[in-house]
Amino acid sequence: MRGWWQEIAGLVLPGVCEGCGAPGSGPCPGCGEVLAGGGAGEGEGPPGTSPGRVRPSAEPPGLPVVHAAVPYEGAVRALLIAHKERGALGLAGALGGALARAVEAAVGAPEEAAGAAGAFAGAREGACGGRRARPLLLVPVPSSRRSVRVRGHDPTRRLALAAAGRLRRAGRPARVLPVLRQGRAVADQAGLGARGRRANLAGALEVVPGGARLLAAGRVVLVDDLMTTGATLAEAARALGAVHHPFIPRTPTGIGGDSAQHEFEQRVAAVIASSPASFEINRNSSETWIVAGGER
């Protein structure tokens with residue numbers, strides 16, 4: 001309900017940029033550039049930030065390979081909070097574009113995906129031509145029913161839909177597959193440390209009935225708006241792994257006959273933002289940084 005009031009209010013009241021407070025609707029050009037990784041706002045990281053692999057300072061067991069579009073600070077932090085907590089639904093397009101960039105970084109270039117798909121088809125059919133990339137299946141981390149009621153919308157699912165649309169317009173087949181759900185209630189994550197969050201979420205997520213069959217239809221990418229401790233993404237990856245074991249059949253070089261090997265595909269995830277230090281940690285930096293707030 002609150003989302004509808006936000007949209008109506010935006011039609012009759014002067015709008016401001018949720019990232020910096022400048023007059024206008026949606027992110028201003030400067031904040032949009034920061035979100036796109038093409039610039040930096042006051043007090044933010046270096047300009048031209050590209051999506052990169054991120055790791056929390058204490059990596060939880062089972063965390064997939066995570067890529068983030070931009071550091072979680074300044075305008076990016078303000079925009080994410082406005083969309084998630086204040087129902088600024090008009091930001092979904094720009095935020096979804098950032099998530100799409102992270103998804104592309106997570107799965108690699110289109111030609112790499114097409115090559116993997118071709119190996120799969122070749123192993124099954126012996127064909128060499130007509131390689132096509134498998135569709136990207138964006139699996140959003142689920143929000144609890146209570147948080148959806150309170151916020152008036154499901155922010156992660158909305159962003160996943162925006163990202164899938166952006167990917168399709170760029171020529172990459174993609175769709176959202178909301179197959180994860182909470183199997184039990186969890187406590188509010190705010191105020192919990194990394195260990196507390198892992199305990200709080202352990203075994204909490206599950207795949208809906210029939211979800212395993214749907215997951216076999218393409219390249220699965222877990223998506224969320226933000227990574228802090230990584231506990232949520234690790235639990236989501238565990239739940240997927242309980243029913244879905246993706247692999248690419250490959251024929252070993254120099255081995256004749258019908259012998260083949262099954263190479264398991266690495267579980268990957270994409271988020272819009274992660275702490276600045278998580279980018280540095282992946283570059284073997286000893287710097288540490290803690291995000292205020294946190295994952296669900």
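FYI, the numbering just counts along the sequence from 1. Remember, it's a predicted structure, so these values are computed and weren't measured experimentally.
Across every non-hydrogen atom of Leu137 and Ala217, the tightest pair is CD1-C, 4.0 Å. Pro276 and Tyr72 make their closest contact through CD-O, 3.9 Å (heavy atoms, listed as atom of the first residue, atom of the second, distance). Summarising the geometry of Met227 relative to Pro56, their closest heavy-atom pair is CE-CD, 3.6 Å, with the distance given to 0.1 Å. Between Val268 and Ala106, the shortest heavy-atom contact is CG1-O, 3.9 Å. Here the closest heavy-atom approach between residue Cys17 and residue Pro27 is recorded as SG-CA, 3.8 Å. Closest heavy-atom contact between Lys84 and Pro155: CG-CG, 3.9 Å.
Leu35 has its side chain within reach of Val76: a pair of non-hydrogen atoms, C-beta onward, lies under 4.5 Å apart. A heavy-atom distance below 4.5 Å is found between the side chains of Asp224 and Thr232. Val176 is listed as a side-chain neighbour of Pro140, based on a closest heavy-atom distance under 4.5 Å. With contacts defined as side-chain heavy-atom distances shorter than 4.5 Å, the pair Pro142/Pro178 does not qualify. The closest side-chain heavy-atom distance from Val220 to His244 is below 4.5 Å. Between Leu226 and Val271 the shortest side-chain heavy-atom distance does not fall below 4.5 Å. Put simply, the side chain of Leu180 reaches to within 4.5 Å of the side chain of Val139, judged on heavy atoms. Side-chain contact check for Thr228 versus Ser275: every heavy-atom pair is 4.5 Å or farther apart.
Remark: Arg55 engages Glu59 in a salt bridge, criterion side-chain N to carboxylate O under 4.0 Å.
A 6.0 Å sphere centred on CZ of Arg168 holds more than 12 heavy atoms belonging to other residues, nucleotides or ligands.
Annotation: ring-ring contact (aromatic ring centres under 6.0 Å, His included) contacts of His67 (sequence neighbours excluded): none. When the salt bridge (Lys or Arg N to Asp or Glu O under 4.0 Å) test is applied to Arg149, no partner is found at least two apart in sequence or on another chain. Not counting sequence neighbours, the partners of Leu214 by the side-chain contact (heavy atoms from CB on, under 4.5 Å) test are Leu177, Val179. Residues passing the side-chain contact (heavy atoms from CB on, under 4.5 Å) test with Ala269, sequence neighbours excluded: Pro64, Val66, Leu222, Leu233. Scanning for side-chain contact (heavy atoms from CB on, under 4.5 Å) contacts around Ala82 gives Glu18, Arg86, Ala88, Leu91, with sequence neighbours left out. Ala162 meets the side-chain contact (heavy atoms from CB on, under 4.5 Å) test with no other residue; sequence neighbours excluded.
Side-chain atoms of Arg166 come within 3.5 Å of backbone atoms of Gly93 as a donor-acceptor pair (strictly under, hydrogens ignored). Under a 3.5 Å cut-off, the side chain of Arg238 and the backbone N or O of Leu205 do form a donor-acceptor pair. A donor-acceptor contact shorter than 3.5 Å is absent between the side chain of Arg181 and the backbone of Glu206.
With hydrogens and angles left out, the side-chain atoms of Arg151 and His83 include no donor and acceptor closer than 3.5 Å. Side chain to side chain, Asp154 and Ser143 meet the donor-acceptor criterion of an N or O pair below 3.5 Å.
To the nearest 0.5 Å, atoms CG (Asp225) and OG1 (Thr156) are separated by 4.5 Å. Leu138 contributes atom CG, which lies 12.5 Å from atom CZ of Arg157 (distance to the nearest 0.5 angstrom). Remark: Leu136 CG to Leu167 CG distance equals 6.0 Å, nearest 0.5 Å. In this structure, CZ on Arg219 lies 10.0 Å from CZ on Arg172, to the nearest 0.5 angstrom. How far CG of Leu95 is from CD1 of Ile272: 4.5 Å, rounded to the nearest 0.5 Å.
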| request: Check the pair Leu215 / Val243 against side-chain contact (heavy atoms from CB on, under 4.5 Å), numbers first and verdict last. | output: CA-CA 9 Å; Leu215 290 166; Val243 300; 4.2 Å; yes
